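Working notes, structure below.
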Amino acid sequence: MPHKVNYEDYDYGDYYEYEDYDDYDYDVEDNGEAPTPASESKQETSKPRVWSCAICTYDNEDGMSVCDICGVLRTPLVNNNRKTAPFKFDVPSPDDLVSNGLHSSKTGSKGNFLDLKSSRVSSSVSEKNGSVNTRSSAKKSDIANVLMPKDKQDSVDERNSLKNEVRASSRISASSSVVMAKDRLGTIDEGNCSNHGTVDDSISSSVDGTESSSHTGNLTSNMKNMSSTAKSGNSTNVSARKTNSHTQYKPEKWMLPDKKGDRMTQLNLAIVGHVDSGKSTLSGRLLFLLGRITQKQMHKYEKEAKLQGKGSFAYAWALDESAEERERGITMTVAVAYFDSKNYHVVVLDSPGHKDFVPNMISGATQSDAAILVIDASVGSFEVGMNTAKGLTREHAQLIRSFGVDQLIVAVNKMDAVQYSKDRFDSIKVQLGTFLRSCSFKDASLTWIPLSALENQNLVTAPDDGRLLSWYKGPCLLDAIDSLRPPPREFSKPLLMPICDVLKSQHGQVSACGKLEAGALRSGLKVLVLPSGEVGTVHSIERDSQSCSVARAGDNIAVSLQGIDVSRVMSGGVLCHPDFPVAIATHLELKVLVLDFAPPILIGSQLECHIHHAKEAARIVKITSLLDTKTGKVTKKSPRCLTAKQSAIVEVALQEPVCVEEFSNCRALGRAFLRSSGRTIAVGIVTRIIEDQQ
Ligand code: GTP
Ligand code: MG
């Protein structure tokens, strides 16, 4: 079965330009600070028919509940005692969360904080030891407990047990030719039928005050210990890092690939696109056509899908393996599967298209070297996907570009639903092409393929349906994949592997999964795990469920570690060379581009910041300058707020430290994404790590 992971991360290539974006210039004070509450209330009393916006100071008519200029809500400003800078987003501050008891009780949730509902559903961290609490699991579980209604939690519980059954069955059906990472998980889980201590488990645990608060107490102290250890441990590490520049690093001979090419290049290929566009069906069909799913297995999927009244999802079931995914007919977490093309060993990252699961899409697709953007060609569906309010096509394309992916195959799927019409294909190409170019995808790096996953047209061979054959002479999907340029790899740099997933067994075995971004690994090698600062030894490595002796940059692997406290390895962390630790920070300067559907970003805005697989609550502490989107030059200093399509330098304070690097040093750890209220609102790069004053 496919390996389900909860991934995340970002690139920005060279900060993709939005050529047709105009800067929106604000006529506001230039001190970059929020106006004082006193002055606002004064204005309100002296001008009863208008209210002054706390952010841009515009005098709005009394009847307006939202500032006409910058969109800031009036109500919270009126009701608040205004001790703090006003927030635009309907999310609580971290302090609010604590004081509302969000970490420990069932009340206090104001809104869609951190998208944790979806993170919960996606988590594939498998902790079998109930006493182990990772930092990420703590946050996910506690907050999600509050956000999720009890009935939902029950269903999650149920799903977890079903998930384990699915795992078990995937172990049993070892004869299946789809040998995927989940089987590894199965091996590690062997003998454990219950799901004690998993992240999912803790989320679905009771929100009963006592239990939760004691649990939370432990978590909080664990988290504190962890971060203090991390800090103290890392202060030496970070200074060591400063003295050990990458130029001093000399890779050993075994770390570099054999010139003759000892094996096929791994190509991490993200499958993205709007919900229901057919990503999983396409992936499943490809796996079947390429022999990674047996006829017998396929029959089983067909039979089961039919029985559940979901016959059309048979191929998707190869990827959507959890009971809830199958029941709902949507992908929730990224599924990892493998197939070989002529030139590549392809790692398929089948991403969820539903908006609730974008954090998972980020976490998974951030590892991609190239992507397939799947479009539903049916009349109305393409249009919904492109809709800025409801559609995910644009957001996925922007995210993918920001991950640094510049090679994109646009699979115009469901062509059968439009009778393989050339006009429809051309019209989609024109509309979407304009948008993709605005995201700085170059025409030469875009491949457009009309196809039908359901009717198997144009996937691994040329189409045989006359309606398509009559006008399409280009490559089939598999040929297009083979024509992708080999991705550059950082073989000669020190080891760097952001951890996207952690598998833990009761017997103290821990495996970190993810893509090796730089350097190489082999058994017996000492690795530093950050942010915890522990050093462990590589016990074994698996790639595509096969154990291997050496893994190099670009490989998607599971690394089993020994001699390490299992609780100190967490998703969002990083494996690195002990002499070349990455930085750990809470205060960052970012260069961001606000996406075109984003609400205004203000000083004090509470956001969710994604950096590789780490996801952290963040606050905008400073908006340093507005930049020209074309030239990058400063056009205004200290603006009050940022609006859609603007580019700016901002400072963010993170709630907990994350492993991060300046983009100029390391692309994989130097990309950041800001999300709020379930939407990605800005993409960016880390321009500076700001030392915290302590
Ligand atoms: P999410 O992962 O939830 O975003 O959905 P998805 O993009 O993976 O879509 P999925 O593969 O689950 O398919 C959704 C529906 O589209 C299913 O009913 C499929 O049978 C249908 N579908 C997929 N491909 C085609 C196609 O080529 N033609 C037609 N007519 N239907 C298709
Ligand atoms: Mg899917």
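Just so you know, ligand 1 is whichever comes first in the structure, and atom 1 is the first atom listed for that ligand. One is the number of the first residue; the rest follow in order along the sequence. Please read these numbers as outputs of a predicted model, since none were measured by experiment.
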| message | If the cut-off is 2.8 Å, does any N/O/S atom of S280 fall short of it from the Mg ion (ligand 2)? | response | yes
| Is T281 close enough that one of its N/O/S atoms sits under 2.8 Å from the Mg ion (ligand 2)? | no
What is the closest protein heavy atom to [atom], and at what distance does it sit?
{"atom": "atom 24 (N) of ligand 1", "value": "N413 ND2, 3.2 Å"}
{"atom": "atom 6 (P) of ligand 1", "value": "K279 N, 3.4 Å"}
{"atom": "atom 2 (O) of ligand 1", "value": "T331 OG1, 2.8 Å"}
{"atom": "atom 5 (O) of ligand 1", "value": "D276 N, 3.1 Å"}
{"atom": "atom 9 (O) of ligand 1", "value": "G278 N, 3.1 Å"}
{"atom": "atom 12 (O) of ligand 1", "value": "F313 CE2, 3.4 Å"}

Would you name the heavy atoms of [X] and [Y] that are closest together and state the gap between them?
{"X": "G329", "Y": "D276", "result": "O-OD1, 3.9 Å"}
{"X": "I400", "Y": "A270", "result": "CD1-CB, 4.1 Å"}
{"X": "A598", "Y": "V594", "result": "CB-CG1, 3.5 Å"}

From [atom], work out which of [options] has a heavy atom at the shortest distance.
{"atom": "atom 26 (C) of ligand 1", "options": "V418, L454, L459", "result": "L454"}
{"atom": "atom 29 (C) of ligand 1", "options": "N456, L451, D416", "result": "D416"}
{"atom": "atom 11 (O) of ligand 1", "options": "T281, L282, D320", "result": "T281"}
{"atom": "atom 20 (O) of ligand 1", "options": "S312, A411, S280, S283", "result": "S312"}
{"atom": "atom 15 (C) of ligand 1", "options": "H354, K414, E325", "result": "K414"}

Under-4.0 Å salt bridge between [X] and [Y]:
{"X": "R437", "Y": "D443", "result": "yes"}
{"X": "D350", "Y": "K279", "result": "no"}
{"X": "K414", "Y": "D376", "result": "yes"}

| message | Walk me through whether R679 and E608 qualify under salt bridge (charged side-chain N to carboxylate O under 4.0 Å, His left out). | response | CA-CA 10 Å; R679 299 301 303 241; E608 176 188 347; over 6 Å; no
| Any N or O on S452 sitting closer than 3.5 Å to an N or O of ligand 1? | yes
| query | Any N/O of A453 closer than 3.5 Å to an N/O of ligand 1? | reply | yes
Taking 4.0 angstrom as the limit and counting only heavy atoms of [X], give me the atoms of ligand 1 inside it, by number and element.
{"X": "G353", "value": "1 (P), 2 (O), 4 (O)"}
{"X": "V275", "value": "3 (O), 4 (O)"}
{"X": "I330", "value": "3 (O)"}

| Which class fits the ring pair W448 and F425: parallel under 30°, tilted 30 to 60°, perpendicular over 60°? | perpendicular
Enumerate, atom names and distances included, each donor-acceptor pair closer than 3.5 Å involving a side-chain atom of residues 302-312, sequence neighbours excluded.
residue, atom, partner, partner atom, Å
E304, OE2, K300, NZ, 3.4
K310, NZ, E327, O, 3.4

| message | Please determine whether the number of non-hydrogen atoms from other residues, nucleotides or ligands lying under 6.0 Å from atom NZ of K473 exceeds 12. | response | yes
| So, the side chain of T393 versus the backbone of G385: is there a donor-acceptor pair under 3.5 Å, distance only? | yes
